[in-house]
J.: 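This structure is in structure tokens; I'll ask about it shortly.
The first residue in the sequence is number 1, and the count goes up from there.
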Amino acid sequence: MIVPMKKISLITMGDKKTKTLKTLRKLGIVHIEISEGASEKIDQLREQTVSLENALFTLGKAKKVTQKEADFAESLKLATQICALTEEKKKCQTTLISLNVELERLKEWGDIDPDGIHELTAKGVEICFFETSKEEYRLLPETVKTVKLDANKGSVKFLLLKSGGGGEEQVLSALRPFQLALPQSSTIQMRKKAEELNHRMDEINATIASCAVYSESLKSAIKILQKEIEFETYSSGMSTENLSSDAEKCVPIAYFVGYVEEENLDKLKKKAQENAWGLFVEDPCEEDNVPTKLKNNKFVSLVYPITDFLGTVPGYFEYDISGWFLAFILIFFGIIFGDGGYGLFICAIAAIPILKALFTKKPISPTFLLVGLFGLSTIVWGLLTCTWFGLSPEHLPQWLKSLSIPVISNVYADKIWSLPWTPEGVGLTTAQNLQIFCFTLALIQLTVAHLKGVARNRHSIKMLGDFGSVFQLVGIYYLVLSLVVNPEVFSFGLVIGGVPVGTVAIALIGVGFLLSFVFSNYEGNLFKSILASCKNIVSVLLGVVNVFSDIVSYIRLWAVGLAGAAISATVNELAGPLLGNFMFMILAIFLLVFGHGLNMVLNVLSVIVHGIRLNTLEFSSHLDMSWSGHKFNPFEE
């Protein structure tokens with residue numbers, strides 16, 4: 001359920017707001033609605049937090065070792081040192097890259113000393129280095145003095161000694177694009193510098209690695225800073241007022257708005273009396289940004305790892321569907337995975353940490369319990385449909401076949417199931433029975449949504465609009481069976497026991513639409529409700545189409561499960577012939593592990609994409625839920 005909240009406005013003296021906040025933090029029951037605060041101290045605390053986080057990120061790459069403790073001040077100093085070393089290392093890497101690029105450019109020229117060349121130039125001996133094609137080198141005039149340094153198939157490296165001879169300037173002008181740009185330092189110095197940089201980076205890495213023993217201390221320091229930032233945010237964000245415009249009689253007060261659980265209100269009132277706070281309590285309204293706190297039994301709470309992963313929180317005035325979410329996601333998971341063998345594997349994975357926790361007498365993580373439930377759900381579906389590791393039914397023992405339900409079992413995949421009202425030879429296949437099962441799930445889940453609406457509006461005739469939606473669901477359910485599953489079995493002329501089923505279905509859709517049209521917008525005035533529906537007539541008409549599409553969308557469960565079964569069977573077919581040959585047995589085992597492993601990964605993605613969607617979109621839209629809530633986060637130590 002969603003825990004009832006009370007909205008509170010707390011007033012304190014301006015010079016006592018720090019003490020007030022410390023008292024409230026120690027009390028730990030008030031959710032304060034202050035999201036922004038600004039001060040130099042907050043900026044400083046955030047800078048320190050970033051420094052610690054960067055240092056911790058750097059240490060995360062180092063080898064884990066036995067931890068040592070450091071106090072808060074030492075942790076800050078250590079973080080500053082690590083960040084400085086990291087920055088120095090980045091500079092060393094940048095310089096080293098530049099040196100390596102330059103050495104790579106000059107490696108075919110041998111060792112070059114630009115200082116020596118500049119000294120020769122100062123003495124009147126000018127030397128230039130060029131690289132050009134063999135043909136161009138051969139065409140150089142004899143008056144130009146050159147020394148060939150190296151030659152390969154395509155080019156010649158040579159030294160040109162300026163002598164001032166005839167035609168030399170024209171040759172130099174032509175060769176200018178091919179002249180070697182001299183480095184700023186000699187290649188020997190650059191290699192020495194590169195060695196020094198590598199040595200320095202090794203020293204930095206060693207120093208950083210030695211700091212890994214303090215990673216837990218850094219984490220603790222971050223938590224301390226986050227609490228301080230929260231405190232300063234509330235302190236600087238509290239509204240302040242002066243009770244008098246007279247400067248001499250000025251009495252500053254500070255106040256904030258917050259929320260407290262109804263059951264904890266007496267504790268807050270008692271603390272307010274002890275500290276002379278002004279406290280105004282009221283019931284929250286829909287315009288208020290009320291936080292949401294969910295409280296359920298241990299079993300239903302197993303769904304929280306999923307909702308936390310999705311970041312979905314119902315609004316305070318919405319529904320807590322945790323129980324329904326868990327029930328249906330377990331069913332959806334089993335259908336999508338669809339293989340009892342996969343369920344056994346999932347249960348085995350979950351059992352390892354669960355047994356470890358039991359042996360060490362530690363709390364069992366709800367995530368592993370949830371995974372175990374997913375595995376059990378898959379095993380149950382595998383039993384009902386006789387689906388095990390993608391094997392065909394003829395390869396399974398008879399006792400497994402006998403546990404399955406014939407109408408949806410793979411054992412009877414080719415059988416036509418006749419119904420009392422169908423002629424001979426006309427009936428439903430196993431695949432169609434599975435489709436009907438999926439559509440029935442849709443009918444049940446979406447009906448639950450509108451029955452919750454009936455319960456909420458039970459004191460108003462607005463509930464007739466919810467009943468209208470239920471009628472539409474039932475009528476459109478039959479329409480889906482006729483149009484999607486089998487029009488011969490579920491015809492609109494069908495009569496069972498004197499009841500014209502098709503006609504009743506159409507009547508339910510019409511009556512349901514009329515009730516929804518008249519009462520769905522009812523807020524105390526019937527005329528205004530009808531007028532609101534008329535203004536949104538397009539949306540109202542599309543609502544009927546949406547009901548049809550919502551029911552049909554549940555066929556994705558059957559389709560995805562069928563695709564997974566096909567992949568599983570294909571993997572077995574590819575690996576089966578190889579298992580009979582000892583030479584190819586390793587390849588067959590690899591193919592089985594890889595193929596079935598990939599299929600399970602795809603199934604996990606399918607659960608996220610399809611199974612969760614049916615809960616958070618189709619089901620939630622019929623509940624008029626937007627998941628607009630945010631968690632109740634009490635200000636506490």
Side-chain angles (χ1 to χ4, degrees), residues 305 309 329-359 364-365 367-405 408-414 430-431 434 556-611:
F309 170 74
I329 196 62
L330 287 174
I331 297 172
F332 298 159
F333 189 99
I335 296 174
I336 290 174
F337 266 74
D339 193 301
Y342 288 176
L344 289 173
F345 181 74
I346 294 170
C347 284
I349 292 175
I352 295 173
I354 291 174
L355 292 174
K356 183 178 179 181
L358 289 174
F359 286 136
I364 301 173
S365 171
T367 301
F368 298 127
L369 292 174
L370 180 63
V371 172
L373 284 177
F374 283 149
L376 289 175
S377 171
T378 309
I379 291 173
V380 170
W381 187 255
L383 284 171
L384 298 180
T385 59
C386 196
T387 309
W388 297 90
F389 296 108
L391 297 171
S392 57
E394 56 265 22
H395 295 116
L396 297 173
Q398 183 59 40
W399 65 271
L400 269 181
K401 298 179 187 179
S402 64
L403 291 174
S404 63
I405 297 179
I408 59 173
S409 174
N410 289 323
V411 178
Y412 307 97
D414 298 326
T430 300
L434 288 169
R556 70 182 68 233
L557 298 172
W558 167 77
V560 174
L562 183 65
I567 294 174
S568 183
T570 301
V571 171
N572 291 341
E573 289 178 8
L574 292 173
L578 300 177
L579 289 172
N581 190 322
F582 181 78
M583 297 291 292
F584 295 101
M585 187 169 292
I586 295 177
L587 178 60
I589 294 173
F590 171 79
L591 187 59
L592 286 171
V593 172
F594 177 78
H596 286 290
L598 179 62
N599 194 24
M600 292 186 71
V601 171
L602 293 175
N603 284 338
V604 170
L605 295 176
S606 296
V607 170
I608 295 173
V609 173
H610 301 292

J.: How many angstroms lie between CG in Leu574 and CG in Leu591, if you round to the nearest 0.5 Å?
T.: 5.5 Å
J.: Applying ring pair (Phe, Tyr, Trp, His ring centres under 6.0 Å), can you list everything that pairs with Phe374, at least two apart in sequence or on another chain?
T.: Phe333
J.: Applying ring pair (Phe, Tyr, Trp, His ring centres under 6.0 Å), name anything that partners His610, two or more places apart in sequence or on another chain.
T.: none
J.: Decide yes or no for Thr430 and Ser409: does some side-chain heavy atom of the first lie under 4.5 Å from some side-chain heavy atom of the second?
T.: no
J.: Rounded to the nearest 0.5 Å, what's the gap from OG1 on Thr378 to CG on Leu344? Could you check?
T.: 9.5 Å
J.: Any heavy-atom pair between the side chains of Asn572 and His596 that's under 4.5 Å?
T.: yes
J.: What's the separation between atom OG1 in Thr367 and atom CZ in Phe309, rounded to the nearest 0.5 Å?
T.: 11.5 Å
J.: Not counting sequence neighbours, which residues clear side chain to side chain contact (heavy atoms under 4.5 Å, CB included) with Leu383? List them please.
T.: Ile379, Trp388, Leu400, Leu403
J.: Quick one: CG on Leu376 to CG on Leu330, what's the gap to the nearest 0.5 Å?
T.: 9.0 Å
J.: Within the 4.5 Å heavy-atom criterion, are Asn603 and Val607 side-chain neighbours or not?
T.: no
J.: Tell me every residue that passes side chain to side chain contact (heavy atoms under 4.5 Å, CB included) with Ala431, counting only those two or more places apart in sequence or in another chain.
T.: Thr429, Trp558
J.: Give the minimum heavy-atom separation between Gly375 and Cys347, together with the two atoms involved.
T.: C-SG, 3.5 Å
J.: Can you list everything that forms a side chain to side chain contact (heavy atoms under 4.5 Å, CB included) with Phe345? Sequence neighbours excluded, please.
T.: Ile349, Met600
J.: Restricting to non-hydrogen atoms, name the atom on Ser404 and the atom on Val411 that form the minimum distance, rounded to 0.1 Å.
T.: OG-CG2, 4.3 Å
J.: Quick one: does Ser606's side chain have a donor or acceptor within less than 3.5 Å of a partner on Leu602's backbone?
T.: yes
J.: Within the distance-only criterion (no hydrogens, no angle test), does the side chain of Ser568 pair as donor or acceptor with the backbone N or O of Ala565 below 3.5 angstrom?
T.: no
J.: Starting at CD1 of Ile364, measure out to CG of Leu355 and round the result to the nearest 0.5 Å.
T.: 8.5 Å
J.: Of all residues at least two apart in sequence or in a different chain, which pass the side chain to side chain contact (heavy atoms under 4.5 Å, CB included) check with Val380?
T.: Leu384
J.: Looking at OH of Tyr412 and SG of Cys386, how far apart are the two atoms once the value is rounded to the nearest 0.5 Å?
T.: 9.0 Å
J.: Does the side chain of Thr387 pick up a donor-acceptor pair with the side chain of Asn410 at under 3.5 Å?
T.: yes
